[in-house]
Amino acid sequence: MSPGPPEAPVAAPATGEPSPVAAPPAALEVLHRVFGYDAFRGDQAEIVAHVVGGGDALVLMPTGGGKSLCYQVPALVRDGVGVVISPLIALMQDQVDALAALGVRAAFLNSTQGAEERREVETALLAGELDLLYLAPERLAVGGTLDLLDRAPVALFAIDEAHCVSQWGHDFRPDYLRLTVLHERWPSVPRVALTATATAATRAEIVERLQLTGARQFVASFDRPNIQYRIVPKQQPVQQLIRLLRSEHPGDAGIVYCLSRNSVEKTADALVAEGIAALPYHAGLDAATRRRNQARFLREDGLVMVATIAFGMGIDKPDVRFVAHLDLPKSVEGYYQETGRAGRDGLPSTAWLAYGLQDVVQQRRMIDEGEGDVAHKRRQSQHLDAMLALCETIECRRVQLLNYFGQESSACGNCDTCLEPPESWDGTVAAQKLLSTVVRLQRERGQRFGAGATIDILLGRETDRTRQHQHDELRTFGIGQELGESEWRGVVRQLLAQGLLAVQGEYGTLGITEASAAVLDGSRPVRFRREPERVAKAAKRRAPGAELPEGARDLFEQLREWRAQTARDLGVPAYIVFGDATLRGIAVDRPRSLSQLAGISGVGEKKLADYGDAVLEVVGAATGGGSPETRGSEAPASETLGAEMFEPPPDAD
Ligand code: ADP
Ligand code: ZN
């Protein structure tokens, strides 16, 4: 069963292989000097060449794929300022700080600024002193902004989070509809629209609404090989989560998504009570608290953010090691976007979702009772069905996910179904027993009950309810004793997921669907995924830092401490100083000179000047005078890391 969106799948996208088109020499120079990177990745070179040459582009790349360079490098190469439209006002300061740390002249204009500050930015812009300017889309409606841009030479427009223009997706922002003005007013300035979320439907909407029909489309592989996808049956979700964090992610930064504010608060409290540093984030908190919690999550190492989906868009903290969902996401697009926030740095990370019968009941009800016309509800139902198909699959999760985005792939070896293939069983008879109980209650008694009462009947339980309603007189009373309670709940859940059972109303009462008839008359066999008796033993992941050689691990920790202190002193997130991947490179290579340090991926001209001596001091103190020549034959850090990044984790033991 394919969970794809109703539209035709897109053509198989290009893979991440290096493209044949070389980036212009000026672009490579910027990449080396400013960013400290050896080479462009995947389609970056081709995109940069295209945009530097004045072409429009639509860039679809997963989170962590390296979208920023696709407009930052051309903005530095072309004359004038690169104008970046981004919905993420709260993050603009960090984005600008990160660029400043690289020596790039960047600023933003948004509603958080006072008139004075805005004037300073405008002056710098008009004086040609800016390489990049970040703008919120609503800024374009503010009088004078367009005229201001008329007076500054614009190198390009970058439209970040371009899926915000789409109503099919999940982040629609009406202000994005206004962005056509860019094309109309500055037809010769290249535009590059970027997003990590795009089914065929979203992509078509982006092209149409942003008038990008002439743009070249670059579709990267959507795979995130370093993320391990796992979906487990929900029992006691908070306890399950705590076990996961204890056993696999002690001290790691991560995000836990819950559906309601209430469960956000409760979960955060439960984690804190267990000694796990956790913060809440939801729309019910005042803006100052939200801002503070977000800033702490970005700046401090190893915090867990417990949040509703109001949190996370554009969070480019690279070392989020896990994303956990305690409730079922409403769509595969949302799920992929949210889980995609794990592991932007390419290091092993976990996407974990606990899912149960109650999720299905609740979400169906929310759709039924929610606002919106029939078409809207149908769309929501399609989204939910695709999400359920992903949860119930016995195939590779990644194959299903990528298929949803129109991409063919084969079993990944790094998801729960690959690591511990679930068994399936012939559930035709069980399905018939359950469905006929539902039918009998309805036809013979005119009653509708929820899953609990129905399962009591199948198990032949003498409860107050069965006595009160004389359910023990039903023909199906006690005919289901070959299965246990949790297995029956699994049957109900999977019948719902397959559309063979319906759920209604406040109490989640069960009813049959048109498709149920074929199961009841035996013409349609049903297969179920076996409910694990115990929570499947977690596929064992390497402990943080475990893939580093023995000596490098200590140095890595010392570098992290130095980084934390430096970031605190500067008041910026730790990753702005250096990312984990760069620190690991340093820990492995142990550079003894500035020129050796400059050879490590992520160390550009400015950071070398700012932090070089301090880093060498940390390395020197840890190495205690050992000679770097003794390790001269080892591969450079970036290569060593590259190989590690995509190595599948060892088998469960
Ligand atoms: P996205 O915006 O697509 O989520 P980013 O632009 O934030 O991704 O890039 C993800 C990470 O990969 C960042 O840490 C970035 O510095 C790094 N990165 C991007 N391109 C390269 C490259 N060519 N070489 C090395 N690292 C890169
Ligand atoms: Zn898999």
Side-chain angles (χ1 to χ4, degrees), residues 16 18-19 23 27-28 30-32 34-45 47-48 59-73 84 86 88 91 94-95 98-99 101-102 158 160-162 192 194-197 218 220-231 312-320 337 340-347 351 390 393-403 409-422 539 573 575-576 578-583 585 600-604 607 637-639 641-642 645 648-649:
S19 55
L28 272 173
V30 165
L31 182 75
H32 297 156
V34 177
F35 295 91
Y37 295 142
D38 302 335
F40 285 110
R41 275 188 193 156
D43 289 340
Q44 279 175 340
I47 297 164
V48 166
V59 174
L60 295 91
M61 251 187 217
T63 311
K67 284 184 289 301
S68 327
L69 288 188
C70 298
Y71 60 85
Q72 289 170 348
V73 172
V84 187
S86 162
L88 309 163
L91 297 172
D94 283 348
Q95 288 173 320
L99 287 163
L102 296 167
D160 206 5
E161 313 286 353
V192 45
L194 311 101
T195 177
T197 305
F218 297 88
S221 165
F222 267 69
D223 192 13
R224 302 287 310 281
N226 59 313
I227 299 181
Q228 185 177 89
Y229 295 95
R230 282 150 53 183
I231 301 179
M313 187 171 43
I315 292 286
D316 49 10
K317 184 176 170 62
D319 55 356
V320 174
Q337 174 105 346
R341 292 171 187 142
R344 290 172 84 115
D345 54 11
L347 302 173
L390 175 68
T393 187
I394 53 175
E395 317 274 313
C396 170
R397 305 269 189 212
R398 198 180 309 270
V399 166
Q400 282 242 11
L401 279 167
L402 294 177
N403 184 25
S409 62
S410 50
C412 74
N414 190 27
C415 71
D416 54 356
T417 54
C418 280
L419 291 165
E420 289 192 55
Y575 66 84
I576 286 185
F578 281 121
D580 273 5
T582 302
L583 288 195
I600 289 168
S601 181
V603 184
K607 289 192 178 174
S638 53
E639 278 177 37
L641 277 170
M645 276 187 220

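What you see is a predicted model, and the numbers here were worked out from it, not measured in a lab. Counting from 1, the numbers follow the sequence of the chain as shown. We count ligands from 1, going down the list as the structure has it; atoms in each ligand are counted the same way.
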Working to the nearest 0.5 angstrom, can you tell me the gap between [X] [atom1] and [Y] [atom2]?
{"X": "Ile227", "Y": "Leu347", "atom1": "CD1", "atom2": "CG", "result": "11.5 Å"}
{"X": "Leu401", "Y": "Cys415", "atom1": "CG", "atom2": "SG", "result": "9.0 Å"}
{"X": "Gln95", "Y": "Asp160", "atom1": "CD", "atom2": "CG", "result": "7.0 Å"}
{"X": "Phe222", "Y": "Leu60", "atom1": "CZ", "atom2": "CG", "result": "5.0 Å"}

Task: side chain to side chain contact (heavy atoms under 4.5 Å, CB included) between Asn403 and Gln400, worked out - done: CA-CA 5 Å; Asn403 184 25; Gln400 282 242 11; 5.5 Å; no

TODO: Everything protein-side that's N, O or S and under 2.8 Å from the Zn ion (ligand 2): list it, residue and atom.
DONE: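 Less than 2.8 Å away from the Zn ion (ligand 2) sit Cys396 SG, Cys412 SG, Cys415 SG, Cys418 SG.
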
Task: Pairwise side-chain contact, Pro422 with Thr417, heavy-atom cut-off 4.5 Å (strictly under) - done: yes

Task: For Asp416, side-chain contact (heavy atoms from CB on, under 4.5 Å) partners two or more places apart - done: Arg230, Ile231, Arg397

Open item on the list: Any side-chain to backbone donor/acceptor pair from Thr582 onto Ser601? Under 3.5 Å, distance only.
Closed with: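 Yes; at least one donor-acceptor contact below 3.5 Å.
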
Task: With sequence neighbours excluded, residues passing salt bridge (charged side-chain N to carboxylate O under 4.0 Å, His left out) with Asp316 - done: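 Asp316: no salt bridge (charged side-chain N to carboxylate O under 4.0 Å, His left out) contacts found.
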
Are any protein N/O atoms closer than 3.5 Å to the N/O atoms of ligand 1? If there are, list each pair with names and the distance to one decimal place.
residue, atom, partner, partner atom, Å
ligand 1, 2 (O), Arg344, NH2, 3.4
ligand 1, 3 (O), Gly65, N, 3.4
ligand 1, 3 (O), Gly66, N, 3.0
ligand 1, 3 (O), Lys67, N, 2.8
ligand 1, 3 (O), Lys67, NZ, 2.8
ligand 1, 4 (O), Gly64, N, 2.6
ligand 1, 4 (O), Arg344, NH2, 2.5
ligand 1, 6 (O), Lys67, N, 3.4
ligand 1, 6 (O), Ser68, N, 3.1
ligand 1, 6 (O), Ser68, OG, 2.6
ligand 1, 7 (O), Arg344, NH2, 3.4
ligand 1, 8 (O), Gly66, N, 3.1
ligand 1, 12 (O), Arg41, NH1, 3.3
ligand 1, 16 (O), Tyr37, OH, 2.4
ligand 1, 20 (N), Gln44, NE2, 3.0
ligand 1, 23 (N), Ala39, O, 2.9
ligand 1, 23 (N), Gln44, OE1, 3.0
ligand 1, 26 (N), Arg41, NH2, 3.2

